[in-house]
> 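Sharing a structure with you now.
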Amino acid sequence: MSKLLQDILAYNQVFVEEKKYEPYLTSKFPDKKFVILTCMDTRLIELLPASMNIKNGDVKIIKAAGGVVSTPFGGIMRSLIVAIYELGADEVFVIGHYDCGMSHLNPESTKQKFIERGIKEDTIKILEYSGLHIERWLRGFDDVAESVKNSVNVIKHHPLVPDIPVHGLIIDPATGKLDVVSAD
């Protein structure tokens, strides 16, 4: 067991024993009835909810690299659809951010890092021969506003998404300022 995991489990034991979880008790249904798709960037963990006056239990938050819906029938869309139909969300916010790691991501460089971390070139070739277009799969974006607009468009025109508002915003990860890209 890694030292990091040991430290987390030791802290967690005290957290539970001292009932530090009690301020976070809520239901699985979002009180404010919306879902956010955003990036997994560490700067947004506390900043994004604070900048939107969101507290625990208010919304569903889905995080993915770049906050991008890259395929209409992947896990991100499934999560959005579950949030809408099963958890009561009736509005969607796609929130990208400036200075995103997915901006100008170089798939070739990432492939090289696979190899440096022990993934065999044969494994990469097998994936490519099996139909995975690694460059497309790992591709980032050049313009965060266009990326947000594209994800909003995929959600709004998805055959299983009802006619609900879908908004696109960009947050400044330094100040928390929100800029509207598209609004319903």
Side-chain angles (χ1 to χ4, degrees), residues 4-5 7-8 11-12 15 20 23-24 26 30-72 74-84 87 89-114 116-117 134-156 158 161 164-184:
L4 177 60
L5 179 55
D7 291 347
I8 289 170
Y11 176 86
N12 180 257
F15 181 86
K20 292 182 180 180
Y24 306 102
T26 186
D31 293 335
K32 291 191 176 180
K33 306 285 186 221
F34 68 95
V35 57
I36 296 171
L37 168 60
T38 193
C39 187
M40 62 186 189
D41 190 290
T42 56
R43 297 170 291 178
L44 303 182
I45 290 172
E46 292 188 37
L47 180 66
L48 179 65
S51 73
M52 296 178 72
N53 192 30
I54 294 169
K55 65 182 185 344
N56 194 54
D58 281 347
V59 302
K60 292 294 180 184
I61 299 179
I62 300 165
K63 293 190 171 217
V68 174
V69 179
S70 55
T71 176
I76 300 300
M77 273 309 304
R78 181 181 60 233
S79 294
L80 289 166
I81 288 168
V82 168
I84 293 165
L87 302 171
D90 55 18
E91 209 153 330
V92 178
F93 288 72
V94 176
I95 305 176
H97 67 94
Y98 299 109
D99 188 34
C100 183
M102 288 296 288
S103 172
H104 308 289
L105 185 71
N106 180 341
E108 285 300 322
S109 171
T110 306
K111 281 173 60 175
Q112 185 58 42
K113 290 173 185 170
F114 292 164
E116 291 168 8
R117 300 274 309 255
I134 291 179
E135 285 80 13
R136 191 176 335 151
W137 184 59
L138 292 173
R139 181 182 61 224
F141 50 81
D142 294 327
D143 182 317
V144 68
E146 285 304 311
S147 176
V148 168
K149 286 178 190 176
N150 289 339
S151 290
V152 166
N153 190 47
V154 170
I155 296 165
K156 286 180 68 89
H158 195 281
V161 174
I164 61 173
V166 181
H167 312 289
L169 296 94
I170 303 172
I171 187 170
D172 182 326
T175 66
K177 182 181 183 302
L178 291 166
D179 295 322
V180 176
V181 173
S182 64
D184 271 355

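These figures come from a predicted structure and were not determined experimentally.
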> Going through the distances and angles, do Met102 and Arg139 end up as a side-chain contact (heavy atoms from CB on, under 4.5 Å)?
CA-CA 8 Å; Met102 288 296 288; Arg139 181 182 61 224; over 6 Å; no

> Of the non-hydrogen atoms in Leu138 and Thr110, which two are nearest, and what is the gap between them?
CD1-CG2, 3.8 Å

> Heavy atoms, side chains only, cut-off 4.5 Å: are Val144 and His97 in contact?
no

> Measuring only between side-chain heavy atoms, which start at C-beta, is His167 closer than 4.5 Å to Asp184?
yes

> When you measure from the side chain of Ser151 to the backbone N and O of Val69, does any donor-acceptor pair fall under 3.5 Å?
yes

> Roughly how far, to the nearest 0.5 Å, is the NZ atom of Lys33 from the CD1 atom of Ile164?
13.0 Å

> Looking only at heavy atoms, what is the nearest atom pair of Cys100 and Gly66, with distance?
SG-CA, 3.9 Å

> Looking at every non-hydrogen atom in both residues, tell me the closest pair between Val166 and Lys156 and how far apart they are.
CB-CG, 3.6 Å

> Under a 3.5 Å threshold, yes or no: a donor from one side chain and an acceptor from the other, between His104 and Asp142?
yes

> Holding to side chain to side chain donor-acceptor pair (under 3.5 Å), I want the full list of residues that pass it with Asp41, two or more places apart in sequence or in another chain.
Arg43

> Working to the nearest 0.5 Å, report the span between CD of Glu135 and CG of Asn106.
9.5 Å

> Drop me the distance from Ser70's OG to Asn150's CG, to the nearest 0.5 angstrom.
11.5 Å

> What pairs with Ala145 under side-chain contact (heavy atoms from CB on, under 4.5 Å), at least two apart in sequence or on another chain?
Asp143, Ile170, Val181

> Could you tell me whether the side chain of Leu44 reaches within less than 4.5 Å of the side chain of Cys39, counting heavy atoms only?
yes

> Between Lys32 and Glu91, does any NZ, NE, NH1 or NH2 come within less than 4.0 Å of an OD or OE carboxylate oxygen?
no

> So Glu116 and Gln112, do their side chains get closer than 4.5 Å, heavy atoms only?
yes

> With sequence neighbours excluded, what pairs up with Phe34 under the ring pair (Phe, Tyr, Trp, His ring centres under 6.0 Å) test?
Phe93

> With heavy-atom distances below 4.5 Å as the criterion, would you say the side chains of Glu146 and Phe141 are in contact?
no

> Tabulate below the donor-acceptor pairs under 3.5 Å that side-chain atoms of residues 45-53 make, not counting sequence neighbours, or state none.
unit_1 : atom_1 : unit_2 : atom_2 : d
Ser51  : OG     : Leu47  : O      : 3.4
Ser51  : OG     : Leu48  : O      : 2.8

> Any side-chain heavy atom of His158 within less than 4.5 Å of one from Ile81?
yes

> Where do Leu178 and Ile171 come nearest, in terms of heavy atoms and distance?
CD2-CB, 3.7 Å

> Report the C-alpha distance between Leu87 and Val82 in whole Å, list the side-chain angles of each, state the deciding distance to 0.1 Å, and finish with yes or no for side-chain contact (heavy atoms from CB on, under 4.5 Å).
CA-CA 7 Å; Leu87 302 171; Val82 168; 4.3 Å; yes

> With side chain to side chain donor-acceptor pair (under 3.5 Å) as the rule and sequence neighbours excluded, what pairs involving residues 173-183 come up?
Tyr98-Asp179, Lys177-Asp179

> If you measure from CD1 on Ile36 to CD1 on Ile95, what distance do you get to the nearest 0.5 Å?
4.5 Å

> Do Ile8 and Leu4 come within less than 4.5 Å of each other through their side chains, counting heavy atoms only?
yes

> Under the side-chain contact (heavy atoms from CB on, under 4.5 Å) criterion, do Val94 and Lys149 qualify, and how do the steps go?
CA-CA 9 Å; Val94 176; Lys149 286 178 190 176; over 6 Å; no

> Can you tell me how far apart CD1 (Ile155) and CD1 (Ile76) are? Round to the nearest 0.5 Å.
9.5 Å

> Donor-acceptor pairs under 3.5 Å, side chain of residues 55-63 to any protein atom, not counting sequence neighbours: which ones?
unit_1 : atom_1 : unit_2 : atom_2 : d
Lys55  : NZ     : Asp58  : OD1    : 3.2
Asn56  : ND2    : Tyr24  : O      : 2.5
Asp58  : OD2    : Lys55  : N      : 2.8
Lys60  : NZ     : Lys28  : O      : 2.7

> Is there a side-chain contact between Val92 and Ile84 in this structure, where contact means two heavy atoms from C-beta onward sitting under 4.5 Å apart?
yes

> Measure across Ala89 and Pro30 and return the closest heavy-atom pair with its distance rounded to 0.1 Å.
N-CG, 4.5 Å

